[in-house]
Number of protein chains: 2
Amino acid sequence: MSATVTLMQVAREAGVSPSTVSRILNGTANVTPDKRERVEAVIHRLNFTPNVQAQALANGRSFSVGVLTQKLSSAFYGETLAGIEQGLEGSAYHPLVVSGHWRAKQEQQALELLMRRRVDALIVLGGVIEDAALQRVAAQVPLVAVGRAVSGLPERCVLIDNHAGIRQVVHHLAGLGHRDIAYIGGDEAQQDAVERRVGFEATLQEAGLSVNPHLMRCGDYTEASGERAAEELLRSGVPFTALVCANDQMAFGARLSLYRRGLRVPEDLSLTGFDDLFSSRYTTPPLTTVHQAVNELGQLAAETVLRLLAGEQPHMSPYVPQLVIRESTGPAPHSPATGGS
Amino acid sequence: MSATVTLMQVAREAGVSPSTVSRILNGTANVTPDKRERVEAVIHRLNFTPNVQAQALANGRSFSVGVLTQKLSSAFYGETLAGIEQGLEGSAYHPLVVSGHWRAKQEQQALELLMRRRVDALIVLGGVIEDAALQRVAAQVPLVAVGRAVSGLPERCVLIDNHAGIRQVVHHLAGLGHRDIAYIGGDEAQQDAVERRVGFEATLQEAGLSVNPHLMRCGDYTEASGERAAEELLRSGVPFTALVCANDQMAFGARLSLYRRGLRVPEDLSLTGFDDLFSSRYTTPPLTTVHQAVNELGQLAAETVLRLLAGEQPHMSPYVPQLVIRESTGPAPHSPATGGS
DNA sequence: CTGTTAGCGCATTCAG
DNA sequence: CTGAATGCGCTAACAG
C-alpha cells in the first residue's frame, strides 16, 4: 500500500506551483511548453492520479450520476444499466448504482446514500417508492425516471406505452383466430402491470371478444409465478387457445408448465410475453413478445440527464414498443387446450 | 436546486461548534443530551446529510470498494454483483461498479477511474487484463479477484474448480452410456474456458473414452455462438449422442439448433451446460448443468475484502461447483444423432 | 464534555 | 503566464 501521490508533490518535484499542475491537468489555462513537459513527465513517473473526492469538493460537482435500480441480477434492468453506462460514456460523468429491491424503505435509503455522495443527477428505474419522495430529491438534483410516471415531474419520465404494446399482442392473436385468450398479469403494485392488464382487457373488447375473469390470473413477474399461474389455468378446465403473459419471465415459467403437460407450442396453445429479454430469442420455440428497446431507453435516460445538466429542458415522448412475432404463436387450434386429462 | 446544507450551518443554527456536530454524527465522543437533541432537531429540520466526499477527504477513506465487472447486462456477473452488494451491506462500505467489457484497454481505464475515486479496496470479476496490471493496483489497495487466478496474488483469488465441475458432467454422461460426446468450448482467452476444455478431455480419457477432434468446437460463450457451433457439429455428420457446452448460454443456443432440426432432448441427444444460470431451470427441458453459487461467490468476495480491510489475512480455497441433474440428459440412444438426414 | 485549530487534495480567485 | 492565498465540508488532535 504505497502512499498515494498528491498534486502538491508533483508540483514540488517539477519545481512549479500546484496551480500550474492543476491548470495542466484541466487545460484551464496556457502553460509554457517546457513546464508542461516537465510536469507531465513527473506525473507519469510518480503515476499520479488526481483525487476525485478532492476535485468534487473543490468545484462543487462530483461528476457522478446516481442510478437507483431494483435488482442488479435482473436481466431487464441490467440491460438498461448497460445503456446508461453507454450513454454516459465520454461525458465526464460516471454512474453510481444502488439497488432498492422493490422495497420502498430500501429505495429511500438508496436515495439518501446517493444524495450523501452528492451525485449531480439521478436516474430512477421503476421502483415502488412514493412519488413524493422522488419529488423531494428532484428538488435538489435533476431527476429522470424510467418506466414509471412520477406525478409532478412530467417531461422527466421516460415512459413506455404499455397499452400500445399489449394491444399489438391481442390483435395478433385475434387475427390468428384465437377467441379464448388467457392472461397472466404482474404484481399490480407496479404501474406497468396494471397498464398492461387494463390494455389487455380493453383490446379484447375492441376486438369483439369478452373478458373472461376465469382466464385472468396474477403473478409477480417471476418465472415461478408464471409457472404456477399457468398450472392453475390449465387445471381449472376453462378452455383457452392462447396465453398472454405480462412479461417474458412469466412466459418462461408458463412454457415449462405447458411442457410438463405435453402441450405443444404453438400447435396446441399460443404463448406470448412482454419485454423481449435477450433469452426470449432462444426459448423453444422462440417467443413472440413485445420488444422494448431497454438498452436504448437507458441511453436515452443518460442523454436526457446530460442535457438537463447542461441546462437544457429536453422534451420526452412515450416510447412505443413493437411486437416481435416469432414462433410461439400460431393459428388457433379447433379444439382448445384445457390441460384436463 | 436548493443550496445544500453543511455541517457548519447546522452547528451555527444549533449554537454549537462544528466538532460537536461531527461527534454526534459519528458517535466519536459523548455529548450532553440537551446539545445532542438540539443538534439532531436542526439536522432533521434542515434535512442535513453529510457530504461523503468531504468525509472521505478528511479521514483518508472513501468507504467504497471498487468492483470491476465485465458486462452489467450479464446474467452471470449480475448475480455476483448482487452477492457483493449483499455482502457489503451493513458494513459502511459501498460498491462502485464499472465495466470492462472484456476489453483489456477498457478494463485498464475502469481501474484507473476506480483508483481516482480512491476506492478503499477492489474486487475484480474475470476480465482479460494482464496480471501485471492487477498486481500494480493490488500494491495500492486490497484486491480480490473472482473467477480468475492472478499470478503473484494467491490467497486473493476466489477460484472455481472448473476441472471438477466438467468432470462430473462427463462421468454423468458416461454413466448413462454415452460414448460419443461432443463439446462446445468458450473463448480460450478466458482462463476458465481452457480449464473446462482441458478438464473435459482429461475426464474423457479417465472414463476410457477417446477425444475426437471432430467433435470439438469453439464458441465465445454467447447463445449465438452455441447455436452456430451445434449447427456445424450436426452438419458435419460425425455421430454423437451427447453435447457438452462450456456454459449455459451456449447450451441455450445449441438447444435452439436442435429444436430446429427436430432433435429431441434428451431422447435423441443429451445436452449439458455450465454455470446454472437462473433461467436454466426453465428451459424445455430444464437443463442439466454445473451449479456455481455465483451469488455466494460474490458475498464471499465482499466478506474477504472486508476482512482484508480489517487487517486480517483470510485464507481462500477453491470452490467446487456441483452437477445439477435435470431433464436434458438421459440414456444414450442406440442410433446416434448426426443431424444429417 | 466542548470549542479552536489544522489540515485532507484540489481549483480558483487575485496579484504579479 | 504563474505563484500565493483561500476555501470546499468535514474530522481529528489539542487544549481547555
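Because only heavy atoms are used, hydrogens play no part in the values below, and waters and symmetry mates are left out as well, while side chains stay in. Below, read A as the first sequence line, B as the second, and so on, with proteins coming before strands; counting in each chain starts at 1.
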Taking A:D131 for the side chain and A:V150 for the main chain, is one N or O donor matched with an acceptor at less than 3.5 Å? no

Over all strands shown, is B:S19 touching base, sugar-phosphate only, or nothing at heavy-atom distances under 4.0 angstrom? base

Rounded to the Å, how far apart are A:Q53 CD and C:dA11 P? 13 Å

Polar side-chain atom of A:T32 near backbone of A:D34 as donor-acceptor pair, under 3.5 Å: no

Gap between atoms CG and P, on B:N51 and C:dC8 respectively (whole Å): 18 Å

Terminal contacting nucleotides, 5' and 3', DNA chain D versus chain B (heavy atom, 4.0 Å): D:dG9 to D:dA13

Of the options B:V141, B:L114, B:I123, B:V119, which is the one that meets B:V65 in a side-chain contact (heavy atoms from CB on, under 4.5 Å)? B:I123

Measure the OG-CZ distance between B:S73 and A:F278 for me, rounded to the nearest 0.5 Å. 9.0 Å

Side chain of A:N26, backbone of A:T28: donor and acceptor closer than 3.5 Å? no

Result for side-chain contact (heavy atoms from CB on, under 4.5 Å) between A:V52 and one of B:M115, B:Q53, B:R118, B:R117 points to B:R117

Residue whose closest nucleotide on DNA chain C lies nearer the 5' end, B:P18 versus B:A54: B:P18

Mind jotting down which residue pairs meet the salt bridge (charged side-chain N to carboxylate O under 4.0 Å, His left out) criterion with at least one end in residues 70-88 of chain A? Sequence neighbours excluded, please. none

Which pair of non-hydrogen atoms, one from B:A104 and one from B:V128, has the smallest distance, and what is that distance? N-CG2, 3.6 Å

Separation of atom CZ in B:R12 from atom P in C:dT2, rounded to whole Å: 19 Å

Identify the two heavy atoms, one from A:V98 and one from A:A110, that lie closest to each other, and give their separation to 0.1 Å. CG1-CB, 3.6 Å

Mind listing the residues from residues 36-48 of chain B sitting with a heavy atom below 4.0 Å of DNA chain D? Number order is fine. B:F48

Could you point out which residue of B:C157, B:P314, B:P142 forms a side-chain contact (heavy atoms from CB on, under 4.5 Å) with B:T304? B:P314

Please answer whether the main-chain N or O of A:A149 pairs with a side-chain N or O of A:Q191 as donor and acceptor at a distance below 3.5 Å. yes

Residues of residues 21-34 of chain B with any non-hydrogen atom less than 4.0 angstrom from an atom of DNA chain C: list those, numerically ordered, please. B:R23, B:N30, B:V31, B:T32

Shortest non-hydrogen contact from B:G15 to B:R38? O-NH1, 4.3 Å

Take the C1' atoms of the five end pairs on each side of the helix from C:dC1-D:dG16 to C:dG16-D:dC1, derive the two axes, and give their angle rounded to 10 degrees. 40°

Donor-acceptor pair between A:N59 and A:Q55 side chains, under 3.5 angstrom: no

What are the two closest heavy atoms between B:R148 and B:I129, and how far apart are they? NH2-O, 2.6 Å

No-hydrogen, no-angle side-chain donor-acceptor test under 3.5 Å, A:D192 and A:Y221: yes

Strand-adjacent residues in residues 56-63 of chain B, judged by heavy atoms under 4.0 Å from DNA chain C: B:L57, B:A58

So, A:Q135 side chain and A:L153 main chain: donor-acceptor pair closer than 3.5 Å or not? no

Return the value, rounded to whole Å, for the distance between atom CD of A:Q55 and atom C1' of C:dC10. 7 Å

